[in-house]
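Below is one structure; the comments refer to it alone.
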Number of protein chains: 2
Amino acid sequence: MGMKNIAVEESHTQQLILKEVEKSPFVSKTQKKIYLKKGEDPLNAIDTKNYFYFVISGKLKIYQIDFKTSKELTLYMLSRGDMFDVVSLLDGNPNQYISEVLEDTELVSIPLEDVKQMILDDNTFRQLFYTYLAAKLKSMENLAVSLSFYDVYQRVLQLFTNFTYMQGNKPTLKIIDNLRHEDIASMVGTVRKVVNRSLQKLKKDGVIELSRKNIQIKNFQKLLDKLNV
Amino acid sequence: MGMKNIAVEESHTQQLILKEVEKSPFVSKTQKKIYLKKGEDPLNAIDTKNYFYFVISGKLKIYQIDFKTSKELTLYMLSRGDMFDVVSLLDGNPNQYISEVLEDTELVSIPLEDVKQMILDDNTFRQLFYTYLAAKLKSMENLAVSLSFYDVYQRVLQLFTNFTYMQGNKPTLKIIDNLRHEDIASMVGTVRKVVNRSLQKLKKDGVIELSRKNIQIKNFQKLLDKLNV
DNA sequence: GTTATTCTGCCTCCTAGGTAGCAACAAATA
DNA sequence: TATTTGTTGCTACCTAGGAGGCAGAATAAC
């Protein structure tokens, strides 16, 4: 399924998006910076019915909760170069997500109408926006597929693979390297205690290194070998 | 989560899309009709790298297979008013789906570039297209969420609810009413034998009626009552 | 420095759902 | 009409993973 390149490809698009946004005449006129503190509820600061947001830095978890079991599923883990909420932008309805600020976050807000105009006027931005949209739809399809086909252990392997980038020539885990196991669990659609089993197994096998709020790739090749096709 | 209205809303957008497509000057010039026979492999007739397709009638299952277990997951069940492939249109890469013609199907094909131009030029079509995109992204999010949170029985209930429309004032199952249990299973992310248990239970409880390749809603209120929030 | 809180690791139990296999029957085809 | 193929229903088994509970360690708050 070529999952290995998805994260990398996204990241590339996202870098270009920020550059294009900076150049845009709209942004200089109507942009507003928003700063969110870790742990703060973004609901008060964010209005997806009227504004569109670009993530400059930080980390934002967009998820849903099953209130019966209090199990979570993370739909999007937003970081530098991400935008939201695309669904609200497209259909005009405010979203139903729950969000949590995992790290102090800096956003640029632009009125929805200006973004729509930008998509029409700016050919480069339009193509980048479309590519971003396609990536999000694909990533959601992949999430559904992996929830249906693979066990927790495989899903954890896939998660790590998707978030591993080359640092020089050393494969390094980004974005999800300093999460709580609780958040890892939410990203692969299970609960902490279960994801912990997989993490311990990978640690025992010398694939990763674990310490409090820190996961590192120790042997990326071994990780790839354990991936089911 | 307001799932009950999603299917209805989609259907409304899809009707309007077909009307708009018919009016379009592009369509009259460059459209081509394509007819697919039930069971035929669409791969030969369909070229998503260069063309975009509108479904006029019939039924097309877009899915993925886990070759290890031969379990399937249906990502999209396309019928009248649906379009594909939106991902290819957006990012220019050919898709990786597997498709199956469940009923004789009639398509209109339009070159990708013409559709892109149509999105730019035709305000009405653009908004419809965006709404459609948003609906697809949402439905994929819902699929992931329901796979993660709910058991097979609940997922079946949700599936039936999403595909129940008002026929006069009688709640009637559409599109998925004449599928094999195999296909129902693929839509809720499980296998036939497991989905069969849920179907038998619903039959026993007087919620649905079952016969070969036919499912009917017998008591819609009862169905809603069994839905978890 | 001390207390409180959050994070992590590891038990044990138990059920949903996946696997296997088969038989009855409907429907398509020869 | 006879034969083959596709669809459905049901049994019995077994394992992945969710639930509950708890203790130790790291960090944050006071």
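Proteins get letters first, then strands, A, B, ... in listed order; numbering begins at 1 in each.
Nucleotide dG9(C) holds its P atom 16 Å from the NZ atom of Lys201(A), rounded to whole Å. Straight-line distance from the NZ atom of Lys193(A) to the C1' atom of dA23(D): 12 Å, rounded to whole Å. Rounded to an integer number of Å, the gap from Gln200(A) CD to dT8(C) C1' is 8 Å. Nucleotide dT27(D) holds its P atom 18 Å from the CD atom of Glu182(A), rounded to whole Å. Summarising the geometry, the separation between NZ on Lys204(A) and C1' on dC10(C) is reported as 13 Å, rounded to the nearest angstrom. At whole-Å resolution of the value, OH in Tyr153(A) and P in dG17(D) are 12 Å apart. Here dG17(C) presents its P atom at 15 Å from CG of Leu73(B), a figure rounded to the nearest Å. Here dA26(C) presents its C1' atom at 15 Å from CZ of Arg180(B), a figure rounded to the nearest Å.
With Phe149(B) as the aromatic partner, Lys71(A) does not meet the cation-pi criteria of under 6.0 angstrom to the ring centre and within 45 degrees of the ring axis.
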### Message
For a ring-ring contact (aromatic ring centres under 6.0 Å, His included) check, start with the C-alpha distance between Phe54(A) and Phe52(A), then their side-chain angles and the critical distance, and finish with the verdict.
### Response
CA-CA 7 Å; Phe54(A) 296 87; Phe52(A) 194 68; 5.4 Å; yes
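Residue Asp82(B) is tested with Lys61(B), Lys136(B), Lys59(B) for a salt bridge (charged side-chain N to carboxylate O under 4.0 Å, His left out); the sole match is Lys136(B).
Nearer the 5' end of DNA chain C, as judged by each residue's closest nucleotide, is the contact made by Arg192(A), out of Arg192(A) and Val152(B). If Arg212(A) and Asn214(B) are placed on DNA chain D by their nearest nucleotide, the residue sitting closer to the 5' end is Asn214(B).
At the heavy-atom level, Lys213(B) lies under 4.0 Å from the strands shown only through sugar-phosphate atoms. Heavy atoms of Asp151(A) sit under 4.0 angstrom from primed sugar atoms or phosphate atoms, though from no base atom.
Rounding to the nearest 0.5 Å places CD1 of Ile215(B) at 12.0 Å from CZ of Phe163(B).
For Thr190(A), whose side chain is taken as the heavy atoms from C-beta onward, the closest listed nucleotide among dG17(C), dA19(D), dG17(D) is dG17(D).
A donor-acceptor contact under 3.5 Å is formed by the side chain of Arg197(B) with the base of dG18(C).
When every heavy atom of Leu210(B) is checked against every heavy atom of His181(B), the shortest pair comes out as CD2-NE2, 4.3 Å.
For Asn196(A) and dG9(C), the shortest distance from a side-chain N or O to OP1 or OP2 is below 4.0 Å.
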